[in-house]
Participant: 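Okay, here's the structure, questions in a sec.
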Amino acid sequence: MAYEKVNELNLKDTELRLGLPGTEQAKEEQEVSCVRSSKRQLQSDNEEESTPPTKSQIVGWPPVRSYRKNNNSVSYVKVSMDGAPYLRKIDLKTYKNYPELLKALENMFKFTIGEYSEREGYKGSGVLPTYEDKDGDWMLVGDVPWDMFSSSCKRLRIMKGSDALVLDSAL
Amino acid sequence: MPEDDEDQSPPSDLRSQPPCSPNKSRNCISSSSSQTFPDHVLENVLENVLQFLDSRCDRNAASLVCKLWWKVEGLTRSEVFIGNCYALSPARLTQRFKRVRSLLLKGKPRFADFNLMPPDWGANFAPWVSTMAKAYPWLEKVDLKRMFVTDDDLALLAESFPGFKELVLVCCEGFGTSGIAVVANKCRKLKVLDLIESEVTDDEVDWVSCFPEDVTCLESLAFDCVEAPINFKALEGLVGRSPSLRKLRLNRFVSLEELRRLLLLGAPQLTSLGTGSFSRGDQSDEQGPPDYAAAFRACKSVVCLSGFRELMPEYLPAILPVCANLTSLNFSYANISPDMFKPIIHSCHKLQIFWALDSICDEGLQAVAATCKELRELRIFPFDPREDSEGPVSELGLQAISEGCRKLESLLYFCQRMTNAALIAMSHNCPELTVFRLCIMGRHRPDHVTGKAMDEGFGAIVKNCKKLTRLAVSGLLTDQAFRYMGEYGKLIRTLSVAFAGDSDMALRHVLEGCPRLQKLEIRDSPFGDVALRSGMHRYYNMRFVWMSACSLSMGCCKDVARAMPNLVVEVIGSDDDDENREFVDTLYMYRSLDGPRKDAPQFVTIL
């Protein structure tokens with residue numbers, strides 16, 4: 001996990017860039033890091049949604065050892081699904097990325113979710129996974145990097161039915 | 001005391017000679033013919049005397065007197081400290097010191113903790129344990145920090161040292177519960193098994209059950225970092241048959257209810273307790289909530305409290321009975337709000353060491369300052385360790401601490417906002433400070449009130465805290481801050497720099513001005529070849545220098561390596577084609593008596 005971070009980032013990370021992900025420079029980054037480590041390559045195969053963050057995330061800063069970071073992240077969160085009679089609870093720490101989480105939710109509530117894309121959200125299935133973050137705002141699951149999500153997510157709500165359809169078409 | 005020393009001559013040999021005044025006997029020793037006292041007698045006298053020397057500084061000095069003293073000191077040193085495992089080979093250790101009972105060995109540099117070094121870099125314990133297995137059959141204690149230790153290493157250790165008593169692994173990795181199981185099972189004289197902040201893989205082995213079934217010698221058992229469930233019944237049995245147990249640190253897989261049961265067994269003897277998860281599973285309360293406070297009331301000797309790994313705050317008041325006795329309290333895994341915190345800290349008058357998360361806020365720190373007049377060490381960790389997080393603690397908390405805790409010696413403080421004024425105040429209020437580590441989490445952040453760099457604040461710290469030996473700086477810092485460090489930081493041994501300084505001059509000030517500097521770790525700062533070259537007269541006298549993401553060229557690093565043959569210059573992570581790389585990723589260099597290491601991985605180039 002730590003090792004992946006080392007290779008994920010360009011050493012020029014101390015430069016603040018305002019480029020969007022998907023620009024040439026970001027692509028170079030990804031290529032370089034793939035060449036460096038096969039571990040990283042496997043990871044990037046799994047995380048289709050993970051785009052290089054627009055804000056540079058620095059390796060090892062602030063200097064807090066990783067076991068301290070893990071312990072502080074919110075773990076158990078309530079999950080509600082529109083129309084379901086009762087809520088569930090899941091431990092976010094048991095998932096390493098979005099596909100794992102979404103698969104678990106699909107199994108738990110017996111639904112299928114559409115494919116995620118940054119521009120269009122979860123298209124087509126009429127099911128929208130959302131979450132409440134630390135600030136109390138409701139966000140769409142999948143927009144931010146996994147680590148950021150798992151440490152700020154307080155609860156999950158799977159919207160479906162008419163609410164979801166309205167939002168779906170609005171996106 | 002060397003039991004197996006056959007030629008230990010009795011004092012009567014000396015007494016049969018005419019009595020010598022101390023002056024005369026010194027003359028006798030220094031005379032080249034030494035007719036009165038043959039060499040082996042002198043050796044034995046020295047041995048008997050040098051045995052009383054404990055401090056390694058004293059021993060190092062004694063060993064420089066003459067060859068005889070060097071030899072005898074080497075025979076009598078039982079505790080060896082090695083600050084960098086690559087500074088010498090295991091063979092050299094066993095050749096120089098013949099009767100080692102205790103080894104303290106450190107491996108990776110500290111920045112490896114923050115993912116700045118790829119895994120598999122080195123610091124393997126294997127060659128050390130295999131060499132010592134043959135040379136030190138009476139080894140009793142091994143204390144490792146940032147070493148890579150495998151299960152095989154632990155097995156070899158357990159098998160090779162029949163009198164083994166203490167194993168302490170701090171920030172280590174590479175082993176799992178199966179290795180721990182072997183140690184538990186085979187080290188029958190084990191007193192101390194302390195796993196601290198180490199990564200231990202879960203091999204699904206019930207290591208607690210592996211301790212021998214009869215009464216144990218255990219005095220300290222710390223496994224709070226082990227991320228694996230344990231067999232609680234076996235643990236209960238173990239605690240029950242360990243009458244000497246004084247220190248017990250549980251991991252988060254021990255619930256509050258289980259803690260309560262353990263305390264009922266062994267509370268009165270415990271001096272140090274790690275409370276595990278401090279939360280309950282989903283169980284119904286049969287007749288009202290259980291009385292956890294009663295269990296803590298039984299802890300009459302507990303002075304050191306930690307744990308709270310998954311704290312349920314409503315149960316926190318249960319620890320109130322022990323608060324008045326506490327000298328050390330570690331809340332750094334618990335998200336405690338100021339309101340929950342204040343009633344607790346209010347009772348902790350004797351507290352000397354306090355670790356916590358910044359969730360206690362400035363308000364909580366003010367409460368600490370009001371109550372904990374004996375405070376020596378304070379560490380505040382960030383609950384949300386990101387650059388842009390909200391910072392619940394600031395200069396207000398620091399100012400309060402400086403005014404209330406005048407005996408403060410050691411500080412580690414993570415925050416988002418700070419002012420020069422608070423640092424200046426602390427420099428005047430806390431003259432006993434030896435360790436000052438401030439981490440303003442936003443990079444290059446200035447004084448948030450004045451907008452100026454943090455130069456004056458850190459300058460005041462180095463100037464007024466005359467006992468300062470360790471410094472870590474952060475925030476917006478110009479070369480001026482480093483000028484202060486060079487001018488006033490005469491006792492500084494360890495310096496950590498990140499995202500600071502404007503030019504090579506900054507590093508030059510430090511290298512030229514800090515004569516006691518031993519450990520230098522720098523990241524992401526604009527220091528280049530000129531600065532590196534300016535320190536050449538220092539590097540042999542230092543334990544290590546780390547510079548990552550700076551402006552060092554490969555050519556300059558090669559020059560340094562060429563000029564200093566006993567310095568191992570490692571370049572980590574750079575590609576082979578130097579042409580494309582303008583700067584070296586990471587430079588890690590250290591002195592070594594035995595040349596470059598043979599176990600360097602592919603991504604390390606030794607120049």
Side-chain angles (χ1 to χ4, degrees), chain A residues 1-16 28 31-33 35-40 53-76 88-89 91-94 133-136 144-145 147-154, chain B residues 110-120 171 197-199 225 227 252 282 309-310 332-335 357 359 381-390 412 414-416 437 439-444 472 474 496 498-499 521 523-526 548-549 573-575 581-586 603:
Chain A
M1 73 190 156
Y3 183 50
E4 291 141 23
K5 280 188 195 160
V6 171
N7 288 299
E8 186 184 329
L9 299 169
N10 192 315
L11 290 154
K12 294 192 189 142
D13 242 351
T14 45
E15 288 172 33
L16 290 175
E28 263 172 32
E31 280 167 13
V32 168
S33 54
V35 164
R36 277 230 191 119
S37 123
S38 54
K39 241 192 202 176
R40 169 63 186 152
T54 46
K55 182 177 122 75
S56 46
Q57 277 177 18
I58 295 295
V59 175
W61 188 263
V64 176
R65 301 192 66 230
S66 48
Y67 71 87
R68 281 196 180 276
K69 289 186 184 179
N70 291 338
N71 283 336
N72 293 339
S73 67
V74 173
S75 56
Y76 274 99
R88 303 294 304 268
K89 250 192 173 167
D91 180 358
L92 284 182
K93 276 199 270 212
T94 58
D133 73 359
K134 273 206 266 245
D135 300 322
V144 299
D147 282 337
M148 203 186 281
F149 161 76
S150 65
S151 61
S152 60
C153 170
K154 279 171 55 183
Chain B
R110 200 178 68 95
F111 273 6
D113 290 353
F114 314 122
N115 308 327
L116 290 180
M117 187 178 248
D120 307 327
C171 300
E197 297 186 14
S198 293
E199 238 180 83
C225 61
E227 286 292 303
R252 66 178 180 90
D282 296 318
R309 298 269 169 156
E310 287 166 1
S332 66
Y333 293 99
N335 183 8
L357 288 180
S359 58
F381 295 94
F383 172 74
D384 186 0
R386 287 178 302 143
E387 272 193 271
D388 56 349
S389 62
E390 260 200 52
L412 171 63
F414 284 84
C415 60
Q416 293 285 8
R437 300 157 67 191
C439 181
I440 303 170
M441 290 192 276
R443 289 167 291 151
H444 311 295
S474 60
S496 289
F499 306 101
E521 40 188 40
R523 63 166 295 182
D524 294 272
S525 300
S548 59
S574 288
D575 295 327
R581 282 233 156 258
E582 199 190 343
F583 297 134
V584 154
D585 287 4
T586 299
F603 51 80

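Model, not experiment: these values are computed from the prediction. In the text below, chain A, chain B and the rest are named by the order of the sequence lines, each starting its count at 1.
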Participant: Would you say B:Arg437 and B:Ser496 are linked by a side-chain donor-acceptor pair, where the criterion is simply a distance under 3.5 Å?
Facilitator: no
Participant: Is B:Arg386 close to chain A through its backbone or its side chain, or both, or neither, when contacts mean heavy atoms under 4.5 Å?
Facilitator: both
Participant: Please classify the contact of B:Cys225 with chain A as side chain, backbone, both or neither, using a heavy-atom distance under 4.5 Å.
Facilitator: neither
Participant: Over all heavy atoms of both residues, which pair between B:Ser359 and B:Asn335 is shortest? Give the atoms and the distance, please.
Facilitator: CB-OD1, 3.1 Å
Participant: Please classify the contact of B:Asp113 with chain A as side chain, backbone, both or neither, using a heavy-atom distance under 4.5 Å.
Facilitator: both
Participant: Check whether B:Glu197 gets within reach of chain A through its side chain, its backbone, both or neither, counting any heavy atom under 4.5 Å.
Facilitator: both
Participant: If I measure from the heavy atoms of chain A, does B:Phe414 come under 4.5 Å with its side chain, its backbone, both, or neither?
Facilitator: side chain
Participant: Looking at every heavy atom in both B:Asp384 and B:Ser389, which two are closest together, and how far apart are they?
Facilitator: O-OG, 2.9 Å
Participant: How about B:Met441 and B:Pro382: do any of their side-chain heavy atoms sit closer than 4.5 Å?
Facilitator: yes
Participant: Of all of B:Ala498, B:Cys171, B:Ser548, which one pairs up most often with chain A through heavy atoms under 4.5 Å apart?
Facilitator: B:Cys171
Participant: With distance as the sole test, does B:Glu387 use its side chain to make a donor-acceptor pair with the main-chain N or O of B:Arg443 at under 3.5 Å?
Facilitator: yes
